[in-house]
Student: 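The structure follows.
Basis for what follows: all heavy atoms, side chains included, without hydrogens, waters or symmetry-related copies.
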Amino acid sequence: MSGEVLINLTPMETRVAVVENGVLQEAFIERSRRRGIVGNIYKGKVVRVLPGMQAAFVDIGLDRAAFIHAHEVMPPGTPAEDQVSIGHLLHEGQSLVVQVTKDPIGSKGARLTTHLSVPSRYLVYMPDAPHHGVSQRIEDDRERERLRGLIEEAQAQQTLEVTGGFIVRTAAEGVGLEELASDMHFLLRLWRKVSERKVTAPAPSVIYDDLPLFMRTLRDVMRDEIEKVRIDSRENYIKLIEFAEEFMPDAVERIEHYAGERPIFDLYSVEDEIHKALGRKVQLKSGGYLVIDPTEAMTTIDVNTGGYVGHRNLEETIFKTNLEAATAIARQLRLRNLGGIIIIDFIDMEDPEHQRQVLRMLEKSLERDHAKTKCTGVTELGLVQLTRKRTRESLEQTLCEACSTCGGRGTLKTPETVCYEIFREILREERAYNAETYMVLASQEVVDRLLDEESAAVADLEEFIGKPIRFQVEAHYSQEQYDIVLM
C-alpha cells in the first residue's frame with residue numbers, strides 16, 4: 001500500500017490530507033483561532049469541586065473551565081477500594097498541573113489528566129509511571145521483547161536522570177538502539193524544561209505546547225508506506241526539513257515542496273472528498289449506500305442495497321453490499337473523525353458465516369485507524385456496536401455550524417403548521433389585549449397559504465374575534481418565523 005501526505009498552509013489555517021492508494025483517508029484541519037490543544041500541559045487553578053460527580057472544574061486559561069475526574073488525579077492503577085473522594089484530593093483555589101486529553105467539543109470543556117506524558121517519534125515519556133511498555137499494535141512477541149531490551153539499554157546510556165517510564169510507539173517497530181536512545185535523550189531534556197516551568201509559571205498558563213499540526217503529522221502519521229510528504233509553503237517546508245533532520249532523518253528524502261499551479265488539495269480530488277464527507281449519504285461502488293447520522297450520544301450508520309441487485313440471489317447481494325460497506329465505514333470513521341459509540345445497522349444476513357466475514361472485514365479495515373477502536377460484536381437486535389476514541393472535534397464540527405433556520409434539526413415546520421400556530425397566537429392575544437386590528441408578518445410561503453388554502457379558516461377566525469386580520473410578507477423571515485403586531 002502506497003501513501004502520501006499533502007499539507008496546505010495559509011496564515012489562518014493548516015490542512016493535512018492522508019491519501020492511501022490515491023484515495024483520501026484522513027483530513028486534519030487546524031485554524032489559528034481554534035488550534036487543537038490535546039497534549040498541551042497547563043498550570044491551572046481549581047475553580048469548583050463536585051463531590052457528587054467525583055470531578056472538578058479547572059481554569060486553564062480557556063473560555064470554558066476544563067473538567068477532570070477523580071481517577072485522573074489519583075496515581076495510575078489505583079484499585080477501586082483505595083480510591084478516595086475528590087474533596088480529599090483537590091480544593092478550590094489550588095494550583096494543579098494538568099494535561100489535555102480531549103479538546104473542547106461543542107458545549108463541553110476540555111478533559112484533563114494529571115498523568116502527564118510527552119511524545120517523540122518513537123517513544124512516549126511518562127515521568128510518573130513506574131514501568132516501561134510497548135504499543136499493543138506491535139503484535140510480534142519477539143519484537144516486543146527486543147524493544148523492551150533496547151529501552152533498558154538506552155536508559156543505561158543516559159546522562160540525565162530517568163525517573164519515570166517509557167512507552168514504545170508503533171513507529172518504533174524495527175528501529176535500533178541509536179534511534180531510541182536519541183529519542184529518550186530528547187524527551188528527558190524536554191521534560192527538564194517542563195519541570196522548571198511547572199515551578200515558575202503562574203496559574204493559569206501553558207507550560208508545554210505541542211508541535212504545530214504540520215510537524216505533528218510528520219511525527220505521528222509517518223510510516224514506511226508513506227512515499228511522499230508534499231507541503232505548499234516554502235517557509236514551512238524548510239522548518240519541516242530541519243525538524244526531520246534532527247528527529248526523523250529517514251523521512252528527509254520523502255519531503256517535497258509543492259510549487260505546482262494547481263492547489264495542492266486538488267490533487268486526488270481531496271477538496272471534493274472533504275465536501276462529500278459532510279453529507280449524510282455515502283454512495284458505494286456497487287450501487288448501495290450508507291446513511292450516517294451523528295447525534296449527541298452516538299453515531300448511527302445504516303447500510304442499504306440501493307440500486308444494487310446482484311447477479312445470483314438476494315443473500316449474495318446482501319453479503320457483497322455489507323462487505324463493501326464494512327470497508328467504506330472504516331474509511332468514513334477516519335475521514336469524518338467520528339468518535340464515541342458507533343452503531344452500525346448492516347443489512348440482515350441469514351448465513352452466520354457471512355455475518356462472521358463481514359465483522360472480520362470491518363475489524364481488519366479498522367486496523368489502519370490511528371485512533372483506538374473496539375468492536376463489541378453483534379447485539380441481540382443484529383446491530384454492530386463499536387467505540388472509537390474521540391480526542392478532537394469531528395470534521396463536521398470543525399467545518400460547520402448548526403443551521404440558523406432549523407437549529408440543527410434538519411427539518412422545518414410546514415407552512416400549514418405555522419399557520420395554525422399563528423391562529424392560536426391571535427386567540428391568545430385577543431384574550432389578553434383589546435386590539436382593533438391584527439397584522440401578521442411572516443414568510444412568503446406562510447402568507448401564501450394563509451391567503452389560499454387557509455383563507456376560509458382566516459375568515460372564520462375574523463368572525464369569531466370580530467377583528468380584521470391583515471398579512472405582510474417579510475422576505476428575510478425563515479419559514480418558521482412570524483410576528484403578530486397589534487394595531
Student: In sequence, state the C-alpha distance, the side-chain angles, and the governing distance for Arg15 and Glu271, and then conclude on salt bridge (Lys or Arg N to Asp or Glu O under 4.0 Å).
Tutor: CA-CA 11 Å; Arg15 301 190 301 166; Glu271 294 283 14; 2.8 Å; yes
Student: Given side chains that start at C-beta, do those of Val58 and Leu112 come closer than 4.5 Å, heavy atoms only?
Tutor: yes
Student: How about Glu353: does its CD atom have over 12 heavy atoms from other parts shown lying under 6.0 Å from it?
Tutor: yes
Student: Tell me whether the rings of Tyr125 and Trp191 are parallel (<30°), tilted (30 to 60°) or perpendicular (>60°).
Tutor: perpendicular
Student: Which heavy atom of Cys375 sits nearest a heavy atom of Leu386, and at what distance?
Tutor: CA-CB, 3.8 Å
Student: To the nearest 0.5 angstrom, please state how far the CG atom of Leu395 sits from the CD1 atom of Ile274.
Tutor: 6.5 Å
Student: Evaluate the ring planes of Tyr237 and His257, with Trp represented by its six-membered ring, and classify them as parallel (under 30°), tilted (30 to 60°) or perpendicular (over 60°).
Tutor: tilted
Student: Do other residues, nucleotides or ligands put more than 12 heavy atoms under 6.0 Å from His91 NE2?
Tutor: yes
Student: Is the backbone N or O of Ser394 less than 3.5 Å from a side-chain atom of Gln397, with the two atoms forming a donor-acceptor pair by type?
Tutor: yes
Student: Which atoms form the tightest heavy-atom contact between Leu147 and Ala172, and what is the distance?
Tutor: CD2-O, 3.8 Å
Student: Within the distance-only criterion (no hydrogens, no angle test), does the side chain of Glu20 pair as donor or acceptor with the backbone N or O of Gln25 below 3.5 angstrom?
Tutor: no
Student: Out of curiosity, Asp209 CG to Leu211 CG, how far, rounded to the nearest 0.5 Å?
Tutor: 9.0 Å
Student: What pair of heavy atoms forms the shortest contact from Asp220 to Arg169, and how long is it?
Tutor: OD1-NH2, 3.0 Å
Student: Hey, are the side chains of Leu89 and Met74 touching, using non-hydrogen atoms and a 4.5 Å cut-off?
Tutor: yes
Student: Could you grab the distance from atom OG1 of Thr113 to atom NZ of Lys102, nearest 0.5 Å is fine?
Tutor: 12.5 Å
Student: Taking the side chain as C-beta and beyond, is there a heavy-atom pair between Ile231 and Tyr258 under 4.5 Å?
Tutor: no
Student: Test side chain to side chain contact (heavy atoms under 4.5 Å, CB included) on Thr376 and Thr387; report intermediate values, then the result.
Tutor: CA-CA 8 Å; Thr376 58; Thr387 59; 5.7 Å; no
Student: So, do Asn304 and Val291 sit near enough that their side-chain heavy atoms are less than 4.5 Å apart?
Tutor: yes
Student: Without swapping roles, check the side chain of Ser205 against the backbone of Pro202 for a donor-acceptor pair under 3.5 Å.
Tutor: yes
Student: Side chains of Gln54 and His71: any donor to acceptor distance under 3.5 Å?
Tutor: no
Student: Apply salt bridge (Lys or Arg N to Asp or Glu O under 4.0 Å) to Glu480 and Lys413, showing your working.
Tutor: CA-CA 6 Å; Glu480 293 188 357; Lys413 292 176 184 175; 5.1 Å; no
Student: Tell me whether Asp293 contacts the main-chain N or O of Ile301 through its side chain, where contact means a donor paired with an acceptor under 3.5 Å.
Tutor: no
Student: Minimum heavy-atom separation for Tyr208 and Pro119, please, with both atom names.
Tutor: OH-CD, 4.0 Å
Student: Before you tell me yes or no, could you show the steps for Leu362 and Thr327 under side chain to side chain contact (heavy atoms under 4.5 Å, CB included), namely the whole-Å CA-CA distance, both residues' side-chain angles and the distance that decides it to 0.1 Å?
Tutor: CA-CA 6 Å; Leu362 178 64; Thr327 305; over 6 Å; no
Student: Does Lys228 pair with Glu4 as a salt bridge, N-O distance under 4.0 Å?
Tutor: no
Student: Atom CG in Asp141, atom CD in Glu139: separation rounded to 0.5 Å?
Tutor: 9.5 Å
Student: Testing the basics here: between Ala56 and Leu90, what is the closest heavy-atom pair and its distance to 0.1 Å?
Tutor: CB-CD1, 3.9 Å
Student: Taking Thr101 for the side chain and Arg111 for the main chain, is one N or O donor matched with an acceptor at less than 3.5 Å?
Tutor: yes
Student: With respect to Val5, which candidate in Val229, Leu218, Val19 satisfies the side-chain contact (heavy atoms from CB on, under 4.5 Å) definition?
Tutor: Val229
Student: So does Ala277 get a backbone contact from the side chain of Arg336, meaning a donor-acceptor N/O pair under 3.5 Å?
Tutor: yes
Student: I'd like to check Leu359 versus Val384 (side-chain heavy atoms, cut-off strictly below 4.5 Å). Are they in contact?
Tutor: yes
Student: How far apart are the closest heavy atoms of Ala181 and Ala154, and which atoms are they?
Tutor: CA-CB, 3.8 Å
Student: Please answer whether the main-chain N or O of Asp266 pairs with a side-chain N or O of Arg262 as donor and acceptor at a distance below 3.5 Å.
Tutor: yes
Student: Can you confirm whether the side chains of Ser286 and Glu324 place a donor and an acceptor under 3.5 Å from each other?
Tutor: yes
Student: Apply side chain to side chain contact (heavy atoms under 4.5 Å, CB included) to Ile7 and Ile264, showing your working.
Tutor: CA-CA 8 Å; Ile7 304 175; Ile264 191 169; 5.9 Å; no
Student: Output yes when Arg137 and Glu143 qualify as a salt bridge under the 4.0 Å nitrogen-oxygen rule, no when they do not.
Tutor: no
Student: Are more than 12 heavy atoms, taken from residues, nucleotides or ligands other than Arg189, located less than 6.0 Å from that residue's CZ atom?
Tutor: yes
Student: Does any N or O in the side chain of Ser269 come within less than 3.5 Å of the main-chain N or O of Asp272, such that one atom is a donor and the other an acceptor?
Tutor: no
Student: Quick check: are there more than 12 heavy atoms from other residues, nucleotides or ligands sitting under 6.0 Å from CZ of Arg64?
Tutor: yes
Student: Would you find more than 12 non-hydrogen atoms of other residues, nucleotides or ligands less than 6.0 Å from Leu323 atom CG?
Tutor: yes
Student: What distance separates Ile86 CD1 from His69 NE2, expressed to the nearest 0.5 Å?
Tutor: 7.5 Å
Student: Between Glu246 and Arg121, is there a side-chain N and carboxylate O pair less than 4.0 Å apart?
Tutor: no
Student: Please tell me whether Glu26 and His370 have a donor and an acceptor in their side chains that are separated by less than 3.5 angstrom.
Tutor: yes
Student: Keeping the roles fixed (side chain from Lys43, backbone from Pro204), state whether a donor-acceptor pair exists under 3.5 Å.
Tutor: no
Student: Could you go through Thr170 and Ser135, starting from their C-alpha distance and side-chain angles, then the distance that decides it, and tell me whether this counts as side-chain hydrogen bond (donor to acceptor under 3.5 Å, both in side chains)?
Tutor: CA-CA 6 Å; Thr170 309; Ser135 166; 2.9 Å; yes
Student: For a side chain to side chain contact (heavy atoms under 4.5 Å, CB included) check, start with the C-alpha distance between Phe319 and Asp351, then their side-chain angles and the critical distance, and finish with the verdict.
Tutor: CA-CA 9 Å; Phe319 176 52; Asp351 189 339; over 6 Å; no
Student: I'd like to know if the side chain of Asp345 reaches the main chain of Leu383, judged simply by a donor and an acceptor atom lying under 3.5 Å from each other, with no hydrogens or angles considered.
Tutor: no
Student: Assess whether atom CD of Gln136 is packed by more than 12 heavy atoms of other residues, nucleotides or ligands within 6.0 Å.
Tutor: no
Student: Looking at Arg48, I want to see if its CZ is surrounded by more than 12 non-hydrogen atoms of other residues, nucleotides or ligands under 6.0 Å.
Tutor: no
Student: Can Glu316 and His354 be said to form a side-chain hydrogen bond (donor to acceptor under 3.5 Å, both in side chains), step by step?
Tutor: CA-CA 9 Å; Glu316 192 69 22; His354 285 177; 4.7 Å; no
Student: Taking atom types as modelled, is there a side-chain donor on Asp210 or Asn40 under 3.5 Å from an acceptor on the other?
Tutor: no
Student: Does any non-hydrogen side-chain atom of Ile347 lie less than 4.5 Å from one of Thr321?
Tutor: yes
Student: Would Arg388 and Asn337 count as having a side-chain donor-acceptor pair, cut-off 3.5 Å?
Tutor: yes
Student: Drop me the distance from Lys45's NZ to Asp59's CG, to the nearest 0.5 angstrom.
Tutor: 8.0 Å
Student: Any salt bridge between Arg331 and Glu273, counting N to O under 4.0 Å?
Tutor: yes
